[in-house]
**Q** 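I have a structure here, written as structure tokens, and I will follow up with some questions on it.
Since this is a predicted model, take the numbers as computed values, not measurements. Only this structure's heavy atoms are used, side chains among them; waters, hydrogens and symmetry mates stay out.
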Amino acid sequence: MYWPKRLKKRLRFREPLARHTTLNVGGPAAVWIEPHDVEELGLTLSHCVKNRLPYMIIGKGSNLLVGDQGFKGAMLSLNAGIFAKMEFRGNHIRCGAGVALSRLLRECQRRGLGGLEFLAGVPATVAGALIMNAGSKDKYIGRYVESVTVMDEKERVRTLNKDRLKFGYRRSNLSKFVVLEATLKLIKKDPQKIKKESLYFLERKKKTQDLSFRSAGCIFKNPQHRLSAAAMIDACGLKSRRRGGAEISTKHANYIINRSGATAEDLLYLIKLAQKQVKNKFGVKLEPEVKIVR
């Protein structure tokens, strides 16, 4: 396939996706491309649509399970160029889609801007965090968003202000767009207090979640008004169940970890097993929180 000259230096072919996901599994993407600005992104999307080539946006790969056969399309990484820039004005931050949360939190602490401490240890980009409304039912990133600039399916760029944004548990109305950048409004706070609170949330994650092995975090969404997904999986006696190199964590039953050399099929088997047994025991169909690409 012919690619526009401007994009050729941004391309890689048959790029192994295992190296770009926190689970460390998955076959290659037919094309890996890293647009550095909005013009290059629009050119990429236009080229994919024109040639009927499927495409996906990838951030840190922390919420992604790619099949062993890979992705027969273009994987777009917005982790460089203008998408990795941040701009601070008072207690407002304008940050690109590809800015890592870890980097954002470090800069916020240095500048005495608080509010996002609960995101400490979350391996995501700003775009991924916004689309999934990272956090918990009580603390979530959407609460601090003033506006989000997006590109729609017709490659039109527009800015959605606060009144046009909808955030819920593990969801938002941004999933149909390509997120380009966001403006957040934070709270002035003592940097040492920010550091202390960030460490508190990080330590709590270490105590309650299995961070010893590669994973995608929680595999399933928690059903509303029911036991948590972890509690139901645990009640089914599935903790420590293994398939190949994959295991349902003994520490947190909603984690499926890659102990060593797991394949996507190993993980998918355990996902289906948990869904089947929870459905039989509780009458609840667990909905995956991770995006499965096959």
**Q** With a 3.5 Å distance limit and no angle check, can you tell me whether N254 reaches the backbone of C218 through a side-chain donor-acceptor pair?
**A** no

**Q** Determine whether L23 and R214 make a side-chain contact, defined as any pair of heavy atoms from C-beta on separated by less than 4.5 Å.
**A** no

**Q** Which pair of non-hydrogen atoms, one from A230 and one from H252, has the smallest distance, and what is that distance?
**A** CB-CE1, 3.7 Å

**Q** Report the distance from atom CD1 of I219 to atom CG of L270, rounding to the nearest 0.5 Å.
**A** 9.5 Å

**Q** Checking E289 against R170 for the salt bridge (Lys or Arg N to Asp or Glu O under 4.0 Å) test, could you report, in this order, the C-alpha distance in whole Å, the side-chain angles of both residues, the deciding distance, and whether it holds?
**A** CA-CA 8 Å; E289 185 172 311; R170 295 292 190 267; 2.9 Å; yes

**Q** Going by atom types only, do N79 and S77 share a side-chain donor-acceptor pair under 3.5 Å?
**A** yes

**Q** So, Y144 side chain and G115 main chain: donor-acceptor pair closer than 3.5 Å or not?
**A** yes

**Q** Within the distance-only criterion (no hydrogens, no angle test), does the side chain of H92 pair as donor or acceptor with the backbone N or O of L186 below 3.5 angstrom?
**A** no

**Q** Would you find more than 12 non-hydrogen atoms of other residues, nucleotides or ligands less than 6.0 Å from R52 atom CZ?
**A** no

**Q** Does NZ in K185 sit with more than 12 non-hydrogen atoms of other residues, nucleotides or ligands closer than 6.0 Å?
**A** no

**Q** Mind checking whether W32 and I58 have side chains closer than 4.5 Å, heavy atoms only?
**A** yes

**Q** Show the numbers, then the answer: is there a salt bridge (Lys or Arg N to Asp or Glu O under 4.0 Å) between E107 and R111?
**A** CA-CA 6 Å; E107 284 299 312; R111 296 167 185 268; 3.3 Å; yes

**Q** Does the side chain of R106 come within less than 4.5 Å of R103's, by heavy atoms?
**A** yes

**Q** Let me see the working for T159 and T149 under side-chain hydrogen bond (donor to acceptor under 3.5 Å, both in side chains), right down to the final yes or no.
**A** CA-CA 4 Å; T159 297; T149 301; 3.1 Å; yes

**Q** Using a 3.5 Å distance criterion without hydrogens, assess whether the side chain of K251 forms a donor-acceptor pair with backbone atoms of K206.
**A** yes

**Q** Please determine, by modelled atom types, if N222 and Y169 share a side-chain donor-acceptor pair under 3.5 angstrom.
**A** yes

**Q** Give a yes or no on whether I82 and V126 share a hydrophobic cluster (residues Ile, Leu, Val, Met, Phe, Trp, Tyr; joining criterion: side-chain heavy atoms under 4.5 Å apart).
**A** no

**Q** Cation-pi check for Y140 against R143: NZ or CZ below 6.0 Å from the six-membered ring centre and within 45 degrees of the axis, yes or no?
**A** yes

**Q** Is there a side-chain contact between E34 and E40, using heavy atoms and a 4.5 Å cut-off?
**A** no

**Q** Within the side chain of N173, is there an N or O that forms a donor-acceptor pair under 3.5 Å with the backbone of R164?
**A** yes

**Q** Would you say that more than 12 heavy atoms from the other residues, nucleotides or ligands in this model lie under 6.0 Å from the CZ of F13, or not?
**A** yes

**Q** Hey, could you give me the CG/SG distance between L101 and C108, rounded to the nearest 0.5 Å?
**A** 10.0 Å

**Q** Can you find a heavy atom in the side chain of L286 that is under 4.5 Å from one in the side chain of P223?
**A** yes

**Q** Taking NZ in K189 as the centre, count heavy atoms belonging to other residues, nucleotides or ligands within less than 6.0 Å. Is the count above 12?
**A** yes

**Q** Could you walk me through whether L184 and L116 pass the side chain to side chain contact (heavy atoms under 4.5 Å, CB included) check?
**A** CA-CA 10 Å; L184 310 178; L116 301 180; 4.1 Å; yes

**Q** Quick check: do E247 and I256 have side-chain heavy atoms less than 4.5 Å from each other?
**A** no

**Q** Looking only at side chains, do E15 and H20 share a donor and an acceptor under 3.5 Å apart?
**A** yes

**Q** If only atom types and distance count, is the side chain of N161 paired as donor or acceptor with the main-chain N or O of D163 below 3.5 Å?
**A** no

**Q** Is it the case that atom CZ in R10 sees more than 12 heavy atoms from other parts of the structure closer than 6.0 Å?
**A** yes

**Q** List the steps, then state whether salt bridge (Lys or Arg N to Asp or Glu O under 4.0 Å) holds for E181 with R94.
**A** CA-CA 7 Å; E181 66 176 29; R94 184 179 173 189; 2.8 Å; yes

**Q** Is it the case that atom CD in E87 sees more than 12 heavy atoms from other parts of the structure closer than 6.0 Å?
**A** yes

**Q** Within this structure, what is the CG-SG distance for the pair L273 and C236, rounded to the nearest 0.5 Å?
**A** 9.0 Å

**Q** How long is the span from the CD atom in Q275 to the CD1 atom in I233, to the nearest 0.5 Å?
**A** 9.0 Å

**Q** Can you tell if the side chain of I194 reaches within under 4.5 Å of the side chain of E117, non-hydrogen atoms only?
**A** yes

**Q** Is D37 reaching over with its side chain to a backbone N or O of E39, donor-acceptor style, under 3.5 angstrom?
**A** yes

**Q** Any donor-acceptor pair under 3.5 Å linking the side-chain atoms of T22 with those of S62?
**A** no

**Q** Is there a donor-acceptor contact under 3.5 Å from the side chain of D210 to the main chain of I257?
**A** no

**Q** Working to the nearest 0.5 angstrom, can you tell me the gap between N24 CG and S215 OG?
**A** 11.5 Å

**Q** Within a radius of less than 6.0 Å around CZ of R14, do more than 12 heavy atoms belonging to other residues, nucleotides or ligands occur?
**A** no

**Q** Please say whether more than 12 non-hydrogen atoms of neighbouring residues, nucleotides or ligands are located less than 6.0 Å from OH in Y269.
**A** no

**Q** State, with a plain yes or no, whether a side-chain heavy atom of R171 is found less than 4.5 Å away from one of N133.
**A** no

**Q** So, the side chain of R19 versus the backbone of V25: is there a donor-acceptor pair under 3.5 Å, distance only?
**A** no

